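None of these values were measured; they are calculated from a predicted model. Sequence lines set the chain letters: A, B, ... in the order given, protein chains first and strands last, and positions in each chain run from 1.
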Amino acid sequence: MSETPDFMKMSQQIYDQWEKGMSAWWDQVLENPAFLSALGENVANQSRMRGAYAKAVDENLSKMHLPTRGDLVRVARIATLLEEKVLQVEDHLLNIQDTLSRIEKEAITARIDAAETRIELRERLAQLEARLEGLEGGAAPRRTSRAKKEA
Amino acid sequence: MNLPDPLQGVELAVAGVGGAEQAALVRRGMWLHATLPRPPVGQTPHIEIHRQDKLVVRYYAPATDEGLPPVVIVPSLINRAYVCDLEPDRSLVGGLARLGHPVYLVDWGVPGPEDADEGVGYVLLTLLHRSVRRVCHHARAQKVLMLGYCQGGTLAAMYTALRPERVAGLACLATPVKFSEGGRFTDFANAGSVEAIVGPDGLVDLDIMASAFKLLDPMGNWSKYIALEAASRDPRTLKRTLARERWLEENVPLPGRFAQEFVTNAYREDRLLDGTWEVDGEVVDLGNITCPVLVTPCAKDFIAPPDACTPLATAVGSDDVTVEVLGSGHIGCVVGGFGPKVYYPLLDRWFRRVGS
């Protein structure tokens, strides 16, 4: 008994073959200088046609004393330029803010450094006083500078 | 040179009718494509820290406060920035924030005719530079880690070359720098005059942008319906496919001056690697980039092929350059399963190393 042909599979194969062939055909077309040249000319013609149409619309609007596309574009450009000016001022303010933050950070760091130095000096002074007391040993008790201060 | 025989295409089309089952799938895929609503995107919680013109800088707070340096993501100008936050579980910004990085996304927005005169200099030295300064201020940091994607990577590399003091590390994903190797994009950019791509409103028309993207992969425009039909059997996959489709559909017009400068200097004259591209009087010298650099081309990328991306590794002046070729396509590494599994952890490791 012969096997039933798988029509779905055949269909897929036919389609794949067709797609492959079409793809190769398109490749030939798209790499062809004649096609590319015609494509460029077509784009240029379309552009000219659109330009003529836009000009005609603008002229009609102008005759009716209505704002044309050109008028709207000019207003939008002014808005863009004004925004640029505002952003330049904002840039300047942000730079000042950054500078102030840096100065503030440096000032805080300097204060912390100074406080740490003071603590260190006090500790060294205390150590020196302790050593002095140790050296004097059994001699008559003398008042340390701190004791004098407290007194 | 003559065009290929058009009848050959017709013959192939007739042969395609043989795949009747596939034709039914395509028809159903087209119906789904036309009728199903697109899911919401950009859902990861964030705040806006800066706005200028159409640009918005979005901040995604890290899940854990480890004091890591800020990561600024620079996407392309020619697509919507929400590609970096397409779905909650496959979001570049969300993924990096969950890994402990404070993330800032530069969303260029959608330009209008009033932005037609904005060139590459304005984009880099005004919009991006101010964004980086605002990020530094917000994050209380002196420098940022920069991640550029596609054309955004090119812009990030150019910015790092121009303002190296602001960047502690540069990661470039699918970033073309050698534009003569740019594949079909280069062919399209060289077809016709540069002036012709700019419409009467001073912008590169959306139709031109959409057509260019469709011609990059002509058969992809057909096979996507079959993929959509296949995805419709699982609600989660369907949502993913539709989110991606939304991103592909919502093209962004480019300011005319920017487009003309970019196409001329990059795709036509390939000036970036030569070091002859001038931006507002400043020469872009990639040799000025001395911070660590991560170059990640995608092996299956036909928009920014690896040959167009890898030369960045040798062009920069940094001693610390890593090149990792990713086994994905152009957007798969960001919106596909490859991102959370491979790419985000790779970025996490690299950012932690160079940011410490």
Side-chain angles (χ1 to χ4, degrees), chain A residues 7-8 10-48 50-55 58 69-70 72-80 83-84 87-88 90-91 94-95 97-98 101, chain B residues 1-6 8-9 11-23 25-26 50-54 112-118 126 130 133-134 136-137 140 184 187-188 190-193 195-202 205 207-208 211 215-220 222-223 226:
Chain A
F7 288 110
M8 284 295 283
M10 272 173 64
S11 168
Q12 176 72 47
Q13 282 170 350
I14 291 169
Y15 178 81
D16 288 346
Q17 197 61 35
W18 170 79
E19 191 178 4
K20 206 172 154 187
M22 281 301 286
S23 195
W25 183 79
W26 268 112
D27 284 346
Q28 282 182 51
V29 172
L30 291 172
E31 282 159 20
N32 192 303
F35 172 80
L36 290 170
S37 166
L39 184 74
E41 278 174 32
N42 185 30
V43 167
N45 288 335
Q46 273 188 42
S47 187
R48 270 196 291 274
R50 284 202 181 99
Y53 177 74
K55 198 178 163 190
D58 262 18
R69 180 196 282 259
L72 296 175
V73 167
R74 268 194 294 281
V75 172
R77 276 193 185 145
I78 290 167
T80 307
E83 187 191 34
E84 172 63 26
L87 286 169
Q88 279 175 9
E90 204 177 293
D91 282 346
L94 287 175
N95 283 342
Q97 196 185 340
D98 285 346
S101 303
Chain B
M1 189 187 272
N2 293 325
L3 282 170
D5 180 8
Q8 192 189 348
E11 279 170 22
L12 288 163
V14 170
V17 175
E21 285 296 327
Q22 297 296 314
L25 295 182
V26 170
H50 173 57
R51 247 178 199 278
Q52 177 174 12
D53 208 342
K54 311 298 180 323
E114 65 277 13
D115 305 312
D117 286 337
E118 293 170 1
T126 300
R130 183 171 281 129
R133 284 162 65 192
R134 294 299 159 96
C136 285
H137 181 79
R140 296 179 186 279
R184 274 188 188 154
D187 296 339
F188 294 160
N190 284 303
S193 75
E195 289 74 25
I197 59 173
V198 180
D201 53 1
D205 198 75
D207 292 343
I208 293 176
S211 306
L215 282 174
L216 283 174
D217 179 19
M219 288 311 289
W222 179 260
S223 55
I226 295 177

Side chain, backbone, both or neither: which part of A:Asn95 has an atom under 4.5 Å from a heavy atom of chain B?
->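 When you check distances to chain B, only side chain atoms of A:Asn95 fall under 4.5 Å.
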A:Leu87 versus chain B, the contacting section by heavy-atom distance below 4.5 Å = both
Is A:Ser47 reaching over with its side chain to a backbone N or O of B:Val198, donor-acceptor style, under 3.5 angstrom?
-> yes
Mark yes or no for whether B:Gln52, through its side chain, and A:Glu84, through its backbone, hold a donor-acceptor pair below 3.5 Å.
->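 Pair absent, no side-chain N/O of B:Gln52 close to backbone of A:Glu84.
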Do you know the tightest heavy-atom contact between A:Arg77 and B:Glu114?
->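 It is NE-O, 3.3 Å.
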Can you name the closest pair of heavy atoms from B:Ser223 and A:Glu19 and give their distance?
->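 Taking every non-hydrogen atom into account, CB-OE2, 3.4 Å.
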Top contributor to chain B interface from A:Val75, A:Leu72, A:Leu39, A:Leu36 [non-hydrogen pairs under 4.5 Å] = A:Leu36
Top contributor to chain B interface from A:Val73, A:Asn45, A:Asp16 [non-hydrogen pairs under 4.5 Å] | A:Val73
If you round to the nearest 0.5 Å, how far is [atom2] of [Y] from [atom1] of [X]?
{"X": "A:Leu30", "Y": "B:Leu215", "atom1": "CG", "atom2": "CG", "answer": "5.5 Å"}
{"X": "A:Asp91", "Y": "B:His137", "atom1": "CG", "atom2": "NE2", "answer": "10.5 Å"}
{"X": "A:Thr80", "Y": "B:Glu118", "atom1": "OG1", "atom2": "CD", "answer": "7.0 Å"}
{"X": "B:Met219", "Y": "A:Trp25", "atom1": "CE", "atom2": "CH2", "answer": "10.5 Å"}

Qualifying residues under side chain to side chain donor-acceptor pair (under 3.5 Å), relative to A:Asp58, sequence neighbours excluded | none
Do B:Arg130 and A:Glu90 sit within salt-bridge range, that is, some charged N less than 4.0 Å from a carboxylate O?
-> no
Select, from B:Ala116, B:Gly199, B:Pro218, the one with the greatest count of heavy-atom pairs under 4.5 Å involving chain A.
-> B:Pro218
Report yes if the distance between the aromatic ring centroids of B:Trp222 and A:Trp26 is under 6.0 Å, otherwise no.
-> no
Using non-hydrogen atoms and a 4.5 Å limit, figure out which bit of B:Arg134 sits close to chain A: side chain, backbone, both or neither.
-> side chain
